[in-house]
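Take a look at the structure below.
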Amino acid sequence: MRMTLGSDAFEDQLLADLNEPQRQAVTHFEGPALILAGPGSGKTRVITRRIAWLIAQGVKPWHILAITFTNKAAGEMRARVEAIAPQKGAIISTFHSFGVRFMRQYAARLGFEPTFTIYDQTDRGRMTKIALEDAKVDSNRFSPEAISGAISRAKNQLLSPDRYAAEARDFFSRAVAEVYPRYEKRMRDAGALDFDDLLYWPALALRNDPTLRTEADERWRFVLVDEYQDTNTAQYAIARNLCQDYPNLLVVGDPDQSIYKFRGSDIRNILDFERDYPGAKVLHLSDNYRSSRHILRAADALIANNQQRKPKKLTPREREGRPVEVVTHDDQGREADAIARLVKEEVQSGRRSFRDFAVLLRMNALTRAFEQAFIRQKVPFQIVKGLAFFDRKENKDVLAYLRLLVNIRDDVSFLRVVNEPPRGIGATTLERLQEYANSRETTLLSAAAQAEFIPDVTARAAQSLSAFARLIGELQDLASGPPHEAIKKVLEKTRYRESLKTKDVMADDDRIANIEELVTAARQFSEANPDLGVAGFLENITLAGDIDSYDAKEESVTMMTLHAAKGLEFPVVFLPAMEQGILPHERSLNNPSDVEEERRLCFVGITRAMEELHLSCARMREFRGRTIYTVQSMFLSELPSDVKRSERGVSEMGSPPEAAWLDGDVPIVRREPARSAPTATAYSSSGTSPAPYEPGEVVQHDTYGLGQVLEVSGHGATRKIRIRFITQGLRTFLVDKVVLKKVARDR
DNA sequence: GGGTGCCGCTTTTTT
DNA sequence: AGCGGCACCC
């Protein structure tokens, strides 16, 4: 008999609104289990209930580990579990966050400092470049990106440098084999781990260290893994090794939604689960509570075209709904406008609110046309994209200072800030410094401290270097305080703000504002997590992903990539740019199994929709500066016959453009192509003298979109222009520097 | 030896 | 929007 801690009434409540397979999944107790869960089948609910149920059975929360795909999902799940479970304390996190936890806990045993820094892709690229030089591999022949990508793939497959080298045959692999061990040594010396390391080292440790493995297995007795179809070899190994003595691994996933092969995911992990875990209980959740029947038929019909797949059908539980629409437009501008207009009409009529809509795209680059259309039609939107805020140069600089304070061995951060703001330390000096540090096997920072002993470094540069080293030394105590205090002090001592001001006369207001925002973000973080400190703040930023910035409550249309949309749902979904070369992406076209992954991606997009699904494509599209005639996506022809197909545009040719309105009653042409429109004139700093801008005039800025000129002041090179942008507020630019397009008025 | 300004490239998807 | 490469000036 099982232990009973919760009352029967409580248990009934946990199971009350579940269907039979869901109930079985929740109440599966010990032993491996595979839950094949189609889209909209309530898997999140199953996982949360199961955690609560386990705790109600008397399982201690700290014996439970639940792995989700994003930090956001982890946070939401934790909140839900804590709301219904009798006790808190279950670990709910992503594989990567779990990796961090694991590495901090076992750092000493694995030969790492517990204060390690986490390197993102950019950092990884820089370190690869250094390793490339160490290996004397010609970086013109092989790009650092290609090499670091190969190293990443190797780590995802748990291939150590030695094993990789043993299998390296071709030219490229041999180069990678030379770089890989040097990269690894550099990373170790810098006290840094990249994203892949967060899985690689725990996986190796669990595999090779029986004592450690037993201990970890004992600690995490019940393991749940969501989105199992997108696990890679390292993640597979982690799960596997945590579940030997306590073989209670329950995985949830859907092979039809495997979309991360490019980052090492291996769909075989889920397909072979029953073979890997004999006796596993297998449950199918195929009832779909999300989408209308029309939408599900489209999804079923599309995915049925995949060859490498076990046939399965989604069972509709919702209403018939409205037919799926496929619309062909003349060009991307009209496509975006049509969507913006439809959204607006639906909201104005009171049928929907802005947050009911999502535009899902294959590539980030496709958002442009929609931004413009939404701005023009005053439709509020949010783009769910990598926290661009923390990617801004000024913020990255400041964060690099913090990283250096936390970990003085972090050479990549050192190189980033050593001459930022400029201190008279140039490329030549840095090269000498690196040579010196290499020969002495020391960090760049400590080499800088002894700069006067470095041959061929000028006295001046040496002085700058040692002053820099001293500065970092003085600031180091800040690492143990709250992050916003550290940032403030860094800004003050480095005079970073001042350096921004003097470098470029205007338009650096932005940068300063960004830094102020960073301070605010740091303060908010430390208020919410007073015990985590500077290191915690940095870690949080690095591990934060795209969707983590998505705010479902915000009253706006959501725009994001198909990848980011996984796990979400919206009443109305738009899938634009359904064109050959975009979806499926051109780089998948010569490989059938890659095309199948693109089809799965399309399937994920379709199944995000609850009530309405609108697919569309454009006959013409501007792509990398060229206008190309498109071919409809092959996936459109795979949809069932009950989708409603229509063409827009051709018959409407010649009809006058509809006017949209800005604040000040300024009519503007509704639609013009993204760049170099015939109705717009481009002005730039070089060449002929720019035509004067007049207050009230409507202009377009590449970054800020449409705005209205408020005033032009000053003379010559310092002449300034103030513009109020529709979405971005007030900005000031130098007339000579800023590139603006005048937007022609409707007469 | 360092700083500055300009050009051209970038972009498939991401923890 | 950022960055590497390059030419040019101090």
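Letters go in sequence order (proteins before strands), and every chain restarts at 1. Quick caveat: nothing in here was measured; it's all calculated off a predicted structure.
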Where the side chain of [X] is concerned, which of [options] is the nearest nucleotide?
X         : options                  : value
His96(A)  : dT12(B), dT15(B), dC3(C) : dT15(B)
Arg392(A) : dG3(B), dT14(B), dA1(C)  : dA1(C)
Arg126(A) : dT15(B), dG4(C), dA1(C)  : dG4(C)
Thr429(A) : dG1(B), dT15(B), dT12(B) : dG1(B)

Could you tell me whether [X] contacts a base, only the sugar-phosphate backbone, or nothing, with contacts defined as non-hydrogen atoms closer than 4.0 Å?
X         : result
Tyr260(A) : sugar-phosphate
Asn419(A) : sugar-phosphate
Arg432(A) : sugar-phosphate

OP1 or OP2 of [N] sitting under 4.0 Å from any side-chain N/O of [X]?
X         : N       : result
Thr428(A) : dG2(B)  : yes
Thr561(A) : dT14(B) : yes
Asn232(A) : dT15(B) : no
Asn364(A) : dT14(B) : yes
Arg587(A) : dT12(B) : yes
Arg263(A) : dT12(B) : no

Upstream residue (5' side of DNA chain B) when Ala365(A) and Ala427(A) are each assigned their closest nucleotide: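 Its nearest nucleotide being more 5', the pick is Ala427(A).
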
Between Phe69(A) and Gly424(A), which residue's closest nucleotide on DNA chain B lies nearer the 5′ terminus?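 Here Gly424(A) is the residue nearer the 5' end.
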
Ring centre gap for His563(A) and Phe262(A) strictly below 6.0 Å: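 Yes, they do, as the ring centres are separated by less than 6.0 Å.
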
Strictly by modelled atom types, are Thr233(A) and Asp266(A) linked by a side-chain donor-acceptor pair under 3.5 Å?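 Side-chain D/A pair, Thr233(A) to Asp266(A): absent.
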
With no hydrogens and no angle check, do the side chains of Arg432(A) and Tyr436(A) hold a donor and an acceptor under 3.5 Å apart?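 On atom types as modelled, these side chains do not qualify, holding no pair under 3.5 Å.
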
Quickly work out the [X] [atom1] to [N] [atom2] distance and round it to whole Å.
X         : N       : atom1 : atom2 : answer
Asp397(A) : dC3(C)  : CG    : C1'   : 13 Å
Asn395(A) : dG2(C)  : CG    : P     : 10 Å
Met363(A) : dT13(B) : CE    : P     : 8 Å
Met560(A) : dT13(B) : CE    : C1'   : 14 Å
Glu597(A) : dT14(B) : CD    : P     : 13 Å
Glu431(A) : dG1(B)  : CD    : C1'   : 12 Å
Gln121(A) : dC3(C)  : CD    : P     : 15 Å
Leu430(A) : dG1(B)  : CG    : C1'   : 12 Å

Taking the same atom, P, in dT11(B) and in dG5(C), what whole-Å distance lies between them?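 It works out to 15 Å between them.
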
Has Arg403(A) got its NZ or CZ under 6.0 Å from the middle of the six-membered ring of Phe414(A), at an angle within 45 degrees of the ring axis?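 Negative - Arg403(A) is either too far from the ring of Phe414(A) or too far off its axis.
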
Is the cationic atom of Arg600(A) (NZ for Lys, CZ for Arg) positioned less than 6.0 Å from the six-membered ring centroid of Phe603(A) and within 45 degrees of its normal?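 The answer is no; the distance or angle limit is not met.
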
Assess the residue pair Tyr260(A) and Phe69(A) against the criterion (ring pair (Phe, Tyr, Trp, His ring centres under 6.0 Å)); give the C-alpha distance rounded to whole Å, side-chain angles, the decisive distance to 0.1 Å, and a yes or no. CA-CA 11 Å; Tyr260(A) 280 96; Phe69(A) 204 66; 5.1 Å; yes

Please check if the side chain of Asn241(A) supplies one atom and the backbone of Ala237(A) the other of a donor-acceptor pair under 3.5 Å.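 Judged by distance alone, yes, a pair lies under 3.5 Å.
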
Write out a two-atom table: protein N or O, nucleotide N or O from nucleotides 8-10 of chain C, distance below 3.5 Å.
none

Do the non-hydrogen side-chain atoms of Glu394(A) and Arg511(A) ever get within less than 4.5 Å of each other?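 Yes; the side chains approach each other to less than 4.5 Å.
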
If stacking means aromatic ring centre less than 5.5 angstrom from the base's six-membered ring centre, planes under 30°, is Phe262(A) stacked on dT13(B)?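 Given the distance and angle limits, yes, they stack.
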
Stacked pair His563(A)-dT13(B), distance under 5.5 Å, angle under 30°: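 The ring of His563(A) is not stacked on dT13(B).
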
side-chain contact (heavy atoms from CB on, under 4.5 Å) involving Glu517(A) - partner list, sequence neighbours excluded: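 In terms of side-chain contact (heavy atoms from CB on, under 4.5 Å), with neighbours along the sequence ignored, Glu517(A) is linked to Phe389(A), Asn514(A).
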
